[in-house]
Amino acid sequence: MLVLGIDTSGYANAIGVADGERVLADFAFQTRNESLAKIMLNIDSMLKDAGLGLEDIEGFGVGLGPGSWTGIRIGVTVGKMLAYSTGKPVKGIPTIEVLAYQARDCRSLICPIIDAGAGDTIYAAFYRSGNSAVHQMGDYYVGDLPGLAEVIAEPVVLVAAGVSKYQSAIEQLLESNTVAARENIPGGATVALMAAARLQNGEPDDTLALAPLYLKESTARAFVNKYSKRALEAQQR
Amino acid sequence: MLVLGIETSCDETSAALVASGRTVLSNVIANQLELHRKYGGIVPEIAARRHTELIGYVINEALDAGGKSLCDVEAVAVTAKQGLVGSLLVGAAAAKTLSYALRVPLVGVHHIEGHIFANLLSNPEIPLPHVCLTVSGGHTLLVYVRDYCQYELLGGTVDDAAGEAFDKIAKFLDLGFPGGPVIDRLAAQGDRKAFAFPRPLLKAKTFYFSFSGLKTSIINAFKGQLVIGDTLPLEDIAASFQEAVVDVLPRDGAGCGYGVHVPYYAGNKKSGQKTAGGFQTYGQEPTNVCGLQVCQF
C-alpha cells in the first residue's frame with residue numbers, strides 16, 4: 001500500500017512515501033515560517049522524483065502533533081483535503097509517537113521530548129518497544145524539565161531535536177549518567193510507515209473529523225478557566 | 001465556470017459554489033460566535049482551531065447543497081489576505097490542496113474584495129463604476145470600484161475599524177459580544193442627541209475616519225455618569241454613539257471627484273445594522289462569499 005506521510009509540527013517539515021513496510025522517499029525541509037508556501041511544491045517534486053503521481057497514492061498519514069499549533073493545522077488540513085479530494089483513507093499519528101518509533105530498536109524506556117515553544121514547557125511521553133511497534137506507558141506529560149526528571153525512575157533514552165541540552169539537564173537533575181540521547185526529528189517516511197500499517201489493519205480515521213493533537217488549551221481559555229476556578233474556590237470558601 | 005470559494009479570515013468558516021461568476025449555487029457559513037462570546041471578542045487561537053475542525057465539513061456541505069461534486073469544480077478561490085493569520089492559513093491550506101489535487105487554478109482574493117463582490121452578487125443592478133464603503137469588525141474603507149478588479153482607495157480609518165469600536169464599547173459597557181446587534185437594539189430606544197460625542201475628521205475634507213477618540217469619549221461619559229451617581233442611560237449612550245459613527249461615515253460620494261453619488265455599503269452584519277441603515281444602501285444582508293474568479297493577486 002502506497003502511503004504519503006506528512007508532518008508539519010516542527011521547525012522542519014517532513015514528507016515521505018512508504019510502500020507497505022518499505023520506504024520509497026523521505027524528505028525534510030526548513031520552513032522558516034513558510035510551511036504552506038513550500039509543502040505542496042515539495043510534495044509534488046518528491047512524488048515526481050519517486051516516479052509517482054498523486055493518483056498512485058493509496059492512503060495518507062498525518063503527524064497530529066503536539067508541536068507548533070499553526071504548523072500542525074497546516075499539515076492536518078493538507079492531509080485531510082488530500083484524502084477528501086482523492087477519496088483515499090487518512091490516518092493521524094501523534095508526532096511524539098513518531099519520534100518514539102524512530103528509536104524502536106532501544107530496549108530501555110523511550111522518552112521523546114517536543115519543545116512546546118512557550119517558555120520552558122515541553123511535551124513528553126514514555127514508550128516501550130515491542131512487536132515492531134511502540135506502546136505508550138501512561139499519559140502525555142506537559143510541563144517543565146525538572147518535573148519530567150522527577151518521574152524518570154529507570155534508564156531512559158531521550159529522543160528530540162536539540163536533545164543534548166535535555167540530556168545534560170536531566171542527568172544533572174537525576175545526578176546519574178543513565179540517560180542516553182538520540183538526536184532526531186519526526187520523519188515523513190516514518191509517518192507513512194506507521195499510517196500504512198494502521199490503514200492496512202483497517203483503522204482509518206474519519207477524514208473530515210481529523211484534528212490536531214494540541215495537548216494544551218489556548219492561552220485565553222487557560223486564563224478564563226483558571227480565573228473561573230479561582231472564583232469557584234472563593235465562593236466555596 | 002464553477003468556482004469553489006473558501007473564506008476563513010476571521011471567526012466564520014465558509015465555503016460557496018458560484019457558477020459563471022454570478023450565480024450562487026450554495027453558500028455555507030459555520031459561525032463560531034458562541035465559542036468566543038465569553039471572551040468578549042474573537043480569540044485567534046480558538047478561531048483557528050475551530051476552522052481546522054470545520055473546514056472539511058463546510059466544503060463538503062457546500063458541494064452537497066450546490067448539487068455538485070468535486071470533479072465539477074473548475075477553480076478554487078480563497079481569502080488570501082487581511083485577516084487572522086492562523087485562520088487564513090487553514091482556508092489557504094485547504095484551497096491549495098484542493099487546487100493541487102484537482103489540477104484546477106487557485107485564486108487568492110483580498111478580504112475586502114470579497115465584501116465588494118458580495119454586494120454585486122446579491123444586487124446585480126449595482127453599476128460600475130461605484131463607490132463602496134466597507135464597514136466590518138476589522139476594516140472601514142471607502143473604495144472606488146472603477147471596474148472588475150480595478151480599485152482605488154479613497155480613504156479609510158486611521159485607527160480602529162467602526163465595527164471594532166462597536167465591539168469595544170459593548171465590551172466596556174458589559175453588553176456582550178458581538179457589540180453591533182446589542183447597540184442597535186439599545187439605540188432604538190435612546191435619544192441620539194443626549195450626548196455630544198466627537199465627530200473626528202468630519203471637517204477634514206478627506207475620506208479618512210477615526211473612531212479611537214470616540215471610544216475614549218464614550219468611556220469618559222460613562223464614568224462621568226457613575227461619578228454623578230445617575231442611573232446609566234445605556235440606551236442614550238448607544239444611540240448617541242451610533243449617531244456619531246453614522247455621521248462621520250460618508251453618506252454621499254459627491255465629494256470624491258468621481259461623479260458617483262451613492263456609496264454602496266458592504267460589510268458584516270455583526271458590525272451593526274444601523275451603520276448600514278444610515279445610507280441609501282444595497283446589500284443589507286452581506287454574505288461572506290468570496291467566490292468570484294476574477295482577479296489574481
Side-chain angles (χ1 to χ4, degrees), chain A residues 4 6 8 33-44 47 53-55 57 60 62 64-65 68-88 90 92 118 205-214 216-225 227-228, chain B residues 4 6 8 13 15 30 32 35-64 69-73 76 78 80-81 84-104 106 108 177:
Chain A
L4 171 67
I6 300 168
T8 56
N33 288 337
E34 290 189 341
S35 188
L36 186 59
K38 293 177 177 174
I39 190 154
M40 301 312 300
L41 290 171
N42 284 332
I43 287 175
D44 189 52
L47 289 177
L54 189 61
E55 59 283 359
I57 301 296
F60 298 91
V62 180
L64 297 179
S68 153
W69 289 344
T70 304
I72 45 185
R73 279 193 282 271
I74 292 174
V76 165
T77 307
V78 168
K80 181 191 291 198
M81 295 323 288
L82 279 173
Y84 174 67
S85 53
T86 57
K88 303 287 165 53
V90 65
D205 283 330
D206 178 345
T207 302
L208 296 181
L210 193 71
L213 178 67
Y214 295 104
K216 250 175 69 163
E217 54 196 350
S218 76
T219 317
R221 181 161 286 174
F223 179 80
V224 167
N225 285 351
Y227 184 75
S228 25
Chain B
L4 170 67
I6 297 171
T8 60
T13 320
Q32 307 179 3
L35 283 178
H36 300 274
R37 204 178 291 279
K38 68 174 165 185
Y39 304 101
I42 308 293
V43 181
E45 175 61 25
I46 292 174
R49 287 186 180 197
R50 194 72 182 134
H51 283 309
T52 315
E53 291 164 18
L54 292 174
I55 187 78
Y57 291 106
V58 168
I59 291 171
N60 194 44
E61 177 64 27
L63 288 164
D64 274 359
S69 72
L70 265 181
C71 54
D72 300 320
V73 173
V76 180
V78 64
K81 56 180 159 184
L84 303 172
V85 176
S87 294
L88 283 168
L89 274 170
V90 175
K96 210 167 172 177
T97 310
L98 286 174
S99 151
Y100 174 68
L102 303 172
R103 295 174 201 281
V104 295
L106 173 68
F177 174 82

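Computed from a predicted structure; not experimentally measured. Throughout, protein chains are lettered first and strands after them, A, B, ... in sequence-line order, and every chain is numbered starting at 1.
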From CA spacing to verdict: side-chain contact (heavy atoms from CB on, under 4.5 Å), A:Tyr84, B:Ile59
CA-CA 10 Å; A:Tyr84 174 67; B:Ile59 291 171; 4.2 Å; yes
Take A:Thr70 and B:Leu89 through the test side-chain contact (heavy atoms from CB on, under 4.5 Å) and record every step on the way to the result.
CA-CA 8 Å; A:Thr70 304; B:Leu89 274 170; 3.3 Å; yes
When you look at B:Tyr100 and A:Met81, which way does the side-chain contact (heavy atoms from CB on, under 4.5 Å) test go after all the steps?
CA-CA 10 Å; B:Tyr100 174 68; A:Met81 295 323 288; over 6 Å; no
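Contact tally against chain A (heavy-atom pairs below 4.5 Å) for B:Ala94, B:Gly86, B:Ser99: the top residue is B:Ala94. Of the listed residues (B:Ala101, B:Pro44, B:Ala95, B:Ala48), the greatest number of heavy-atom pairs within a distance under 4.5 Å of chain A belongs to B:Ala48. The candidate from A:Ala209, A:Ser35, A:Ala211 with the greatest count of non-hydrogen atom pairs under 4.5 Å with chain B is A:Ala209. When A:Leu36, A:Val76, A:Ile43 are compared by the number of non-hydrogen pairs under 4.5 Å with chain B, A:Leu36 comes out ahead.
The contact between B:Val90 and chain A is made by backbone and side chain atoms together, counting heavy-atom distances below 4.5 Å. When heavy atoms are compared at a cutoff of 4.5 Å, B:Tyr57 approaches chain A by way of both its backbone and its side chain. Contacts of B:Arg103 with chain A are made by side-chain atoms alone, with heavy-atom separations under 4.5 Å and no backbone atom involved. Using a 4.5 Å cut-off between heavy atoms, A:Ser85 contacts chain B through both its backbone and its side chain. For a residue to count as touching a neighbouring chain, one of its non-hydrogen atoms must lie under 4.5 Å from one of that chain's; by this rule B:Ile55 touches chain A with the side chain only.
Side chain of A:Lys80 to main chain of B:Thr52: a donor-acceptor pair is present (N/O by atom type, distance under 3.5 Å, no hydrogens or angles). Between the side chain of B:Lys96 and the backbone N or O of A:Met40 there is no donor-acceptor pair closer than 3.5 Å.
The distance from atom NE2 of B:His51 to atom OG1 of A:Thr77, rounded to the nearest 0.5 Å, is 10.5 Å.
The number of heavy-atom neighbours closer than 6.0 Å to CG of A:Asn33, taken from other residues, nucleotides and ligands shown, is 12 or below.
The pair B:Glu45-A:Arg73 meets the salt-bridge criterion, with a side-chain N (NZ, NE, NH1 or NH2) lying under 4.0 Å from an Asp/Glu carboxylate O. A salt bridge is absent between A:Glu217 and B:Arg49: the closest approach of a Lys/Arg side-chain nitrogen to an acidic carboxylate oxygen does not fall below 4.0 angstrom.
Here the shortest heavy-atom pairing between A:Ser218 and B:Ile46 reads OG-CG1, 3.5 Å.
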